[in-house]
Amino acid sequence: MPAIPVRRSPRVSGGSEVAGQTVIRNEIGVSTPSKRKIRSNSTSEDDVVTSTITPSPMEISPCKWKSPRRCVNDSPKIPPNVNCGDKAKNVSKSPVKRRLSESFLEKPMWNPRDMEQLNAVKEALHVSRAPSNLVCRQVEQNRVLEFCKQALEKEKAGSLYVCGCPGTGKSLSMEKVKEVLVNWADESGFQAPDILSVNCTSLSNTSDIFGKILDKIQPRRKLNCSTAPLQYLQKMFSEKQQPAGTKMLLIVADELDYLITKDRVVLHELFMLTTSPFSRFILIGIANAIDLADKFLPKLQSMNCKPAVITFRAYSKDQIISILQQRFEAFPYTVFQPQALELCARKVASASGDMRKALWVCRSAIEMLEAEIRDSISSLDLPSLHGRFSYQQRDGACDKSPIHESNVVRVDHVAIALSKAYRSPVVDTIQSLPQHQQIILCSAVKLFRGKKKDATIGELNISYLDVCKSTLIPPVGIMELSSMCRVLGDQGILKVGKAREEKLSRVTLKVDEADITFALQGIRFFRNCLQQV
């Protein structure tokens, strides 16, 4: 540490120094020995030399001096322009979570009492509302589009089978592919194909699909009663080549598994039309069954005519959050807490990955918030109590009330909506338990986190006492706790072993920890308790 110039006070008579008068001065200001000790060691000799300028009165005052450090975690080597808050933002978060938190902080909160805002949000979350751009499905869309482009360039028929779980964006992706394909054909100088979209569930008879194809090719042609549409199509594309300039026909058959019959003739003949010598069909079949081509079309596989397969996988948690964010990005206000959206996405992704289910849960959670606000307004219905105020005055008071965080859709709203969407006997049982039994389950979940799978009743009692102490709830005795564990064992939630002493009996969870967490998520006390490590 560089030497600091020291000026000692003169001795008084008797050869002693005046107590408390020893003052240490440098060119910057006045410091006491205690302040000198806590200063950073990073001060170099150059700093002392360059600080010979006459200080201002504000700099001389010791009480105004502040350490250059920004926070406790800073070190002397950190540049002064680096803020501790910037480091806190760099905590290991996924990009989706970071964008979700930032959007919550940037936008103001919405007013669910405003019917215009409420209806706009509900409409945006409706299943029938197709987004302008389908996110998280670009890879699958490009594969389907490339298949169609190659068929148009070579003027060659082909078949493609698109499969995946319900609610994974198959039908929406095909609508986008049709739009992009027509634009690409016009820009590239190719002849755009005719497009026939058929939902097979709307057919009164499975063989009616051939009549729809024939009507698209030759709309004004009338057939003899003895000639079926399928026979006419087979004859048309097997005996003579089509005239030059004839357009290709793109057939998009949604809900293709509806055409599966006992003999599977209709489904087989539909794919066989693409193998005729002069066929100009591009067939895209959409269904949920992943193994349809292997299971129901063995003849095509033996003839090397098996259709190409593109699988739409179930949406992940991050993908569901991104899609929900896309629905909300047009609004200048925040509707959901980030934790609430994350809970919805996590549960739906783990259950099915069905985006339609996630939209339904969000709409249901908004309706619960709406009902909660309606109940709070009715409880403040002063005219019914005193008869002094009009309804207009009451509504005006509600409109002028401040918009705070309770107006956004919270975790407890989403948890209740999820419990309705994924009704489970285990979840229902846990939610109907008495409070102390729920506390026991909460204590067991905290105790069994990590590698531990079982514990004694004595160990469980310690965890139970900690939870009760943190919430100021009077705990029950260990004998009563043991009897409640036996009750939970009779309901199939816990497994309680036998021992000579009651407190040595071993306890194990017989249900998934996620079910307990989900069942208790709607209560703030348990939610905060389970979030603590």
- Message: Assess the residue pair K446 and E513 against the criterion (salt bridge (Lys or Arg N to Asp or Glu O under 4.0 Å)); give the C-alpha distance rounded to whole Å, side-chain angles, the decisive distance to 0.1 Å, and a yes or no.
- Response: CA-CA 10 Å; K446 295 187 67 175; E513 292 183 11; over 6 Å; no
- Message: Let's go through H126 and R363 carefully: what are the C-alpha distance in whole Å and the side-chain angles of both, what is the deciding distance for side chain to side chain contact (heavy atoms under 4.5 Å, CB included) to 0.1 Å, and is it a yes or a no?
- Response: CA-CA 8 Å; H126 202 276; R363 281 176 60 89; 3.8 Å; yes
- Please step through side chain to side chain contact (heavy atoms under 4.5 Å, CB included) for the pair D194 and L250, ending with a clear verdict. CA-CA 6 Å; D194 290 330; L250 174 62; over 6 Å; no
- Could you check L181 against I195 for side chain to side chain contact (heavy atoms under 4.5 Å, CB included), going step by step and ending with a plain yes or no? CA-CA 10 Å; L181 182 64; I195 299 176; 5.9 Å; no
- Test side chain to side chain contact (heavy atoms under 4.5 Å, CB included) on L341 and C362 and set out the steps. CA-CA 8 Å; L341 278 184; C362 290; 4.3 Å; yes
- Task: Check step by step if side-chain hydrogen bond (donor to acceptor under 3.5 Å, both in side chains) holds for Q234 and E269.
- Result: CA-CA 9 Å; Q234 290 172 338; E269 295 296 343; 2.9 Å; yes
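For the pair F210/Y232, no side-chain contact is recorded, criterion being any heavy-atom separation below 4.5 Å from C-beta on. Residues Q141 and M174 form no side-chain contact, since every pair of their non-hydrogen atoms from C-beta on lies 4.5 Å or further apart. Under the 4.5 Å side-chain criterion, counting only non-hydrogen atoms from C-beta, V182 is in contact with D186. A 4.5 Å side-chain heavy-atom check between L433 and I493 finds at least one atom pair inside the cut-off. Side-chain contact check for I516 versus C442: every heavy-atom pair is 4.5 Å or farther apart. Side-chain contact check for K216 versus L196: some heavy-atom pair is nearer than 4.5 Å. In this structure the side chain of I282 never reaches within 4.5 angstrom of the side chain of I251, judged on heavy atoms. Under the 4.5 Å side-chain criterion, counting only non-hydrogen atoms from C-beta, Q117 is not in contact with P112.
T168 and A314 make their closest contact through CG2-CA, 3.8 Å (heavy atoms, listed as atom of the first residue, atom of the second, distance). The two atoms that bring D354 and G167 nearest to each other are OD1-CA, 3.0 Å, heavy atoms only. Nearest approach of P277 to S238, heavy atoms of both residues: CD-CA, 3.9 Å. Contact detail for C163 and V309: the closest heavy-atom pair is SG-CG1, 3.9 Å. Nearest heavy-atom pair, P307 versus S159, reported as atom, atom and distance to 0.1 Å: CB-OG, 3.2 Å. Across every non-hydrogen atom of V408 and T334, the tightest pair is CG1-O, 3.9 Å.
In summary, of the residues considered (L270, V198, I286), a side-chain contact (heavy atoms from CB on, under 4.5 Å) with L256 occurs for L270 alone.
With no hydrogens or angles considered, a side-chain donor-acceptor pair links T201 and N199 at under 3.5 Å.
Taking the charged nitrogens against the carboxylate oxygens, E370 and K122 do have a contact shorter than 4.0 Å, which makes a salt bridge. We find that E140 and R143 are not joined by a salt bridge, their nearest charged nitrogen and carboxylate oxygen being 4.0 Å or further apart.
Looking only at distances, a side-chain donor or acceptor of K170 sits under 3.5 Å from a matching main-chain atom of G164. Formation of a donor-acceptor pair under 3.5 Å by the Q438 side chain with backbone atoms of I430 is found in this model. A donor-acceptor pair is defined here as one N or O able to donate and one able to accept, closer than 3.5 Å; such a pair exists between the side chain of R327 and the backbone of A124. The main-chain N or O of F312 is never found under 3.5 Å from a side-chain atom of R137 such that the two would form a donor-acceptor pair. With Q326 contributing its side chain and N133 its backbone, the two residues share a donor-acceptor pair below 3.5 Å. Using a distance-only test at 3.5 Å, with no hydrogens or angles considered, a donor-acceptor pair links the side chain of N119 to the main chain of M115. The closest donor-acceptor contact from the side chain of S364 to the backbone of W360 lies at 3.5 Å or more, if one exists at all. Of the possible donor and acceptor atoms, one in the side chain of Q138 sits under 3.5 Å from a partner among the backbone N and O of C136. With hydrogens and angles ignored, the 3.5 Å screen pairs no side-chain donor or acceptor of S279 with any backbone N or O of T275. At least one donor-acceptor pair closer than 3.5 Å links the side chain of W110 to the backbone N or O of N407.
In this structure, the side chain to side chain contact (heavy atoms under 4.5 Å, CB included) partners of A365, at least two apart in sequence or on a different chain, are F336, V409, H413, V414, A417. Partners of D208 under the side-chain hydrogen bond (donor to acceptor under 3.5 Å, both in side chains) rule, at least two apart in sequence or in another chain, are S204.
Remark: K149 NZ is packed, more than 12 non-hydrogen atoms of other residues, nucleotides or ligands lying under 6.0 Å away. Around the NZ atom of K156, the shell of radius 6.0 Å holds no more than 12 heavy atoms that belong to other residues, nucleotides or ligands.
The six-membered or imidazole ring of F237 lies near that of F281, with a centre-to-centre distance under 6.0 Å.
Taking the six-membered ring where the residue is Trp, F328 and F331 present tilted rings, their angle falling between 30° and 60°.
The line from CD1 of I373 to CG of L369 is 4.0 Å long, rounded to the nearest 0.5 Å. Considering OG1 of T246 and CD of E155, their distance stands at 9.0 Å, rounded to 0.5 Å. The CE atom of M272 sits 12.5 Å away from the CG atom of L283 when rounded to the nearest 0.5 Å. Atom-to-atom distance recorded for L249:CG and L273:CG is 10.5 Å, nearest 0.5 angstrom. Rounding to the nearest 0.5 Å gives a distance of 13.5 Å between NZ of K178 and CG of N183. If you take CD1 on I260 and NE2 on H268, they are separated by 13.5 Å, rounding to the nearest 0.5 Å.
Annotation: cation-pi pair K357/Y315 absent, no NZ/CZ under 6.0 Å from the ring centroid and within 45° of its normal. No cation-pi contact links K453 to F448, judged by a cut-off of 6.0 Å to the six-membered ring centre and 45° from its axis.
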